[in-house]
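Some notes on the structure that comes next.
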Amino acid sequence: MITVRFFAGLREQLGRDTLELPSTATTVRAVWARATDQAPVPTHLLAAVNLEYADFDTPVADGDEVAFFPPVTGGAA
Amino acid sequence: MITVRFFAGLREQLGRDTLELPSTATTVRAVWARATDQAPVPTHLLAAVNLEYADFDTPVADGDEVAFFPPVTGGAA
Amino acid sequence: MIVGLRETAFAPWPLLADAAQAMDAAERAGCGANDAFIGTMRAGGGATRVVRLQLEHYPGMTERMLMRIATDTGARWPIRQLVLVHRVGEVLPGETLIVAAAWSAHRDAAFAACRHLVETVKHQAPFWKREFRADGSAAWVTANTPARM
Amino acid sequence: MIVGLRETAFAPWPLLADAAQAMDAAERAGCGANDAFIGTMRAGGGATRVVRLQLEHYPGMTERMLMRIATDTGARWPIRQLVLVHRVGEVLPGETLIVAAAWSAHRDAAFAACRHLVETVKHQAPFWKREFRADGSAAWVTANTPARM
């Protein structure tokens, strides 16, 4: 299985924060398509695999955690 | 009278920290010459008149305080 | 190093004092400069005045990124002590959002490392702010500059 | 503003906390950023290790220059609170020499103003350091860069 997580505004738009996919998706791009029913990719979408930033071609394997989220906005004014 | 003050290494070299001059010296340059018996001007010597930085042509009048000191070295590493 | 998250309001200065005192005598005697940055929640004004922030993060990844930013900064500048602490959860105006600080022999390294911590956290660490306003509305803050991908 | 001299050893963090808390609620709510610099006495090592500093100043002119540097900095950047405190007299390793801090709405102004305070004091304020070393020698520190005249 692959664990998929969404954060912040993206989590709210999609109406879910996590889901489990069978491990047939082999890249971050494929995980996005599978997890969102082929939703268009938001501008500046970020992704992480196993807690590390990743791009859409990053390979994904069984047991991985894949996260999608908007640009980060922490820190100071 | 004009009050003349020396600070830090300059005070030690000259062996005095303050003196009073009759108010016949009309510029910082003249005060230096009079107060030090025409000693050569140290490199980077700084001067102040009445607690404000001044240059050697700054006029000096009766009652003024004229200070001479080396480059400043306060603050941080 | 003091690196991590805080889930409740905290005062930044005792944290900085602790970090300074945590150095041993030799380390402390070698430090001539400490630059410390404290970011706090601004309220703004008027009807869109922000009365509360929600600071979401990615548990696991956020802590890892903070630690990496800290160690990278320590590798790039001759730093002897470092603080990088970020608030998460519900935040009220005036509360501390981030404390970043660097101690070094000289001021150039301390200033540069501290600034680097602040900028890198802002652009790379997975935090997201949602503003709750006086008029009852709420919105996710959008980044002025996209993070690297 | 907290601007002035200290004749005995002091902890910088309570001073920064006091300055932050001295702002009224509106001022504080407008501040998103505070950069604070703390310069401390370094000891160095070996036979020329510095065991003590004497920090001489020009009473009257030094206080006036610190106040002018503070007000000039406040005129140049949108600063809401500021600390500029410098030690004088006999100083031991690890003790605080200078605290400079600026509070502003945004981090750019806070960083720039704080750095400006530190650099301007170093190059303009009438302070002179004499080092007393472990081998018994003593010497006035000479400036790397001459001050303006």
Side-chain angles (χ1 to χ4, degrees), chain A residues 1-21 25 27-33 35-36 39-77, chain C residues 5 12 37-44 50 53-69 84-88 91 93 96-100 114-131 138-149:
Chain A
M1 300 293 279
I2 292 164
T3 303
V4 184
R5 304 184 66 175
F6 303 107
F7 288 94
L10 182 65
R11 170 173 52 71
E12 291 195 331
Q13 285 157 37
L14 297 174
R16 60 197 314 174
D17 62 358
T18 186
L19 75 164
E20 301 280 326
L21 290 184
T27 64
V28 170
R29 178 178 288 104
V31 170
W32 171 266
T36 65
V41 175
T43 315
H44 301 312
L45 182 72
L46 297 175
V49 175
N50 297 332
L51 311 181
E52 296 286 346
Y53 279 106
D55 62 34
F56 266 42
D57 297 319
T58 300
V60 173
D62 189 35
D64 284 352
E65 174 170 305
V66 179
F68 298 99
F69 44 82
V72 302
T73 58
Chain C
L5 302 174
F37 179 85
I38 299 164
T40 47
M41 182 190 155
R42 293 202 311 141
V50 181
L53 271 187
Q54 175 191 344
L55 249 166
E56 183 169 332
H57 73 293
Y58 183 172
M61 182 173 175
T62 303
E63 296 90 328
R64 183 191 285 225
M65 283 299 296
L66 291 181
M67 188 56 74
R68 179 163 317 145
I69 291 166
L84 185 57
V85 170
H86 203 292
R87 180 69 187 279
V88 294
V91 185
T96 302
L97 294 174
I98 180 173
V99 181
C114 179
R115 184 73 197 244
H116 181 77
L117 289 171
V118 173
E119 298 304 321
T120 311
V121 165
K122 187 174 184 71
H123 294 107
Q124 294 186 8
F127 293 103
W128 303 274
K129 287 192 189 97
R130 183 157 54 169
E131 294 180 345
W140 291 95
V141 176
T142 51
N144 295 318
T145 45
R148 72 167 179 77
M149 164 122 186

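Bear in mind that the values here come from a model prediction, so they are computed numbers and not experimental data. Just so it is clear: chains get the letters A, B, ... in the order the sequence lines come, proteins before strands, and each one is counted from 1.
- When all heavy atoms of Ala76(A) and Val118(C) are compared, the pair lying nearest together is CB-CG1, 4.5 Å.
- The minimum heavy-atom distance linking Tyr58(C) with Ala48(A) is given by the pair CE1-CB, 4.4 Å.
- Taking chain C as the reference chain and counting heavy-atom pairs below 4.5 Å, the highest number among Pro70(A), Ala77(A), Ala67(A) is found for Pro70(A).
- In this structure, CG in Asn50(A) is found 8.0 Å from CZ in Arg64(C), a value given to the nearest 0.5 Å.
- Counting only heavy atoms from C-beta outward, the side chains of Met61(C) and Phe7(A) never approach each other to under 4.5 Å.
- The contact between Glu52(A) and chain C is made by backbone and side chain atoms together, counting heavy-atom distances below 4.5 Å.
- With Lys129(C) contributing its side chain and Thr73(A) its backbone, the two residues share a donor-acceptor pair below 3.5 Å.
- In terms of heavy atoms, Val72(A) sits closest to Gln124(C) at CG2-N, 3.9 Å.
- The part of Trp140(C) that comes within reach of chain A is its side chain, from C-beta onward, which places non-hydrogen atoms under 4.5 angstrom from that chain.
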